[in-house]
Amino acid sequence: MKVRTRFAPSPTGFLHVGGLRTALYAYLFAKQNNGDFILRIEDTDLERYVEGAVEVIYSTLKSTNINVDEGPNEGGAYGPYIQTKRKDIYLKYALELVDSGAAYYCFCDKNRLDSLADSNGIKRYDKHCLHLSKEEISKRLANNESYVIRQNMPTTGFSEFDDLVYGTVSIPNSELEDQVLIKSDGLPTYNFANVIDDYLMKISHVMRGNEYLSSTPKYNLLYDAFGWERPQYIHLSQIMKDATRKLSKRYGDANFDDFIKKGYVPEAIINFIALLGWSPKGEQEKFSMGELIEDFSISGLHKSSSIFDETKMKWLNGEYLKEMDFEKFMRLAWPYFEESKIKGLYDYHKLGKLIQSRVEILSEIKDKVDFLAQYNKFDSALYENKKFKIDENVAKSVLIESINELKGINDWNEDNLHLSINKIAEKMEAKSGQIYTVLRIALSGVSITPGGSVELADILGKKESINRIEKAIKWLSEEKQC
RNA sequence: GGCCUAUUGGAGAAGCGGUUUAACUCACAUGCCUUUCACGCAUGCACACACGGGUUCGAAUCCCGUAUAGGUCACCA
């Protein structure tokens, strides 16, 4: 049987990384087995529908290189792929179940349903309408009374199924509620539409979050009632924000688009989330999409949930940035330069060369270059350096010694700067590293810089460099007095 | 509250009854390299098998219980 997997998001907001991971795994598994990856939009909840959400899903899949074989835009033999466009299909199947006794009409209103709550506030439907007579049902139907169709669950025994990740799961049937299949607005619930569509679309492997683990028996009962073969189940562990909180869009920081805005590249995001909940056989950690398709395995999937550690994703992103060719890096980095304080002031390309290996996410660029556009009094403790035996006094004398030498440079370029610095070191009988370090701090006013003192001096230019050193000397002197 | 599931160092994790004195990666620390930052390289850190019982010659690995955490119990998906 051909492997067919699907990603079935509801267009209720933005795609968060948990959902994206589900899509990824489904895609990887399908492609690995030369199967099809289907996109189905589950929009049966009219109230939660968000305009533009489908476009977001598409743009995310596109930028992550998850290619849809069949879907709303691609078409396919089992369409339509949007559930609201399949409305009639569900009712037909529901009625079939009513005929066979596996489902029944229910006319209970909200008040009655609410009155069923136990001391914990848990409501469980009491099969009240199951025993309505045929005549009564037709009468109420003819009266246009509002109704739903409920699934008639067994009350005794156990339901068992095999999950490819969790193994055999067994749940007492008494736990299963007579869930609603068709809502009073005529649309199916997720619980119903999902089963019907997975069957009609010939989905072979159902991959989804493990929050569906305990409701899977309900779906199986539906398959059984129709006499359909059950699909294979692959339930995925959860991604947590921390030890107790699930990662969700409610916390606002888990959306794919947000990560892109922060300056992550799609490849790194995909690579990182692939590793959250799945581990490869070997020790390789960096994977291209092709390699993921090759190496993905159900046996590497975890049962336990994992915590989303952005620090590690940052590191991975940095790896991708470093190996990227320079032109591409500049194209991606450009907007971040434009957002920084140095907008229009300095040569982005020169800076880009320095900064490519020094940022992990693009949004760090701003913080790393802003010092070029602003120079404010800074804590002189920045000069302190064990390795080069630098303290404030040393710094001051180095700067005083340097200023005239540097002023004497006619052709302000990196070679001449090196020459001059070496001269200063010789004159002071100091290690050149000492001079370099002091100048780097004096020129930047920050401890970590995108490049050494010579590169900075070159970018700043002679006038600004001299200006900054003079200020630095002044500040050091002031501090001495107090 | 019932039911389902999970529990290896700060994080991701390997491990599937016997060279496990428990890999690897991130983080952190230190050193080297680079004429200075970063990159890179090397080394180190770490109170890690939730706890208690069993089974076994032998258990992180199998079984049971407890604890903790998550999920689920909607006319939401």
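Protein chains get the first letters and strands the later ones, always in sequence-line order, with residue 1 at the start of each.
Listed nucleotides: B/rU35, B/rC75, B/rG2. Nearest to the side chain of A/Glu175: B/rG2. Residue A/Arg124 has its side chain nearest to B/rC73 when only B/rC76, B/rC75, B/rC73 are considered. Closest approach to the A/Ile307 side chain among B/rG12, B/rA77, B/rU35 is made by B/rG12 (side chain taken as heavy atoms from C-beta onward).
Pair assignment for B/rU21 gives none, since no Watson-Crick or G-U wobble pairing has each distance under 3.5 Å. Across all strands shown, B/rU55 forms no Watson-Crick or G-U wobble pair with both distances under 3.5 Å. In this structure B/rC3 sits in a base pair with B/rG71, meeting the Watson-Crick or G-U test at under 3.5 Å.
The shortest distance between the side-chain N/O atoms of A/Ser279 and the OP1/OP2 oxygens of B/rG12 is not below 4.0 Å. OP1 or OP2 of B/rA13 has at least one side-chain nitrogen or oxygen of A/His302 nearer than 4.0 Å. Distances shorter than 4.0 Å separate none of the side-chain N or O atoms of A/Ser237 from OP1 or OP2 on B/rU5. Within the 4.0 Å cut-off from OP1 or OP2 of B/rC76, at least one side-chain nitrogen or oxygen of A/Lys183 is found. The shortest distance between the side-chain N/O atoms of A/Lys281 and the OP1/OP2 oxygens of B/rA13 is not below 4.0 Å.
A donor-acceptor contact under 3.5 Å links the side chain of A/Ser184 to the base of B/rC75. At a cut-off of 3.5 angstrom, the base of B/rU72 holds no donor-acceptor pair with the side chain of A/Ser214. At a cut-off of 3.5 angstrom, the base of B/rU8 holds no donor-acceptor pair with the side chain of A/Lys303. Between the side chain of A/Tyr166 and the base of B/rA6, no donor-acceptor pair under 3.5 Å is found.
Using a 4.0 Å heavy-atom distance criterion, A/Thr311 is classed as a sugar-phosphate-only contact. Counting any heavy atom pair closer than 4.0 Å across all strands shown, A/Met240 reaches sugar-phosphate atoms only and no base atom.
With a 4.5 Å cut-off on side-chain heavy atoms, A/Ile270 and A/Leu20 count as touching. Counting only heavy atoms from C-beta outward, the side chains of A/Tyr105 and A/Arg150 never approach each other to under 4.5 Å. Within the 4.5 Å cutoff, the side chain of A/Leu292 has no heavy atoms near those of the A/Tyr25 side chain.
B/rG1 and B/rA48: their P atoms are spaced 33 Å apart (whole Å).
Atom pair A/Trp315:CH2 and B/rU25:P shows a separation of 9 Å (rounding to whole Å applied). One can place CG of A/Leu354 at 14 Å from P of B/rA38, the figure rounded to the nearest angstrom.
Between A/Asp118 and A/Arg124 there is no salt bridge, since no side-chain N of the basic residue sits under 4.0 Å from a carboxylate O of the acidic one.
Mapping A/Lys110 and A/Lys322 onto RNA chain B by nearest heavy atom places A/Lys322 closer to the 5' end of the strand.
A/Tyr219 and A/Asn194 share no donor-acceptor pair across their side chains, judged by distance under 3.5 Å alone.
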Margin query: Show, in sequence, the C-alpha distance, side-chain angles and deciding distance for A/Lys303 and A/Asn210, and conclude whether the side chain to side chain donor-acceptor pair (under 3.5 Å) test is met.
Written below: CA-CA 9 Å; A/Lys303 296 180 187 174; A/Asn210 71 6; over 6 Å; no
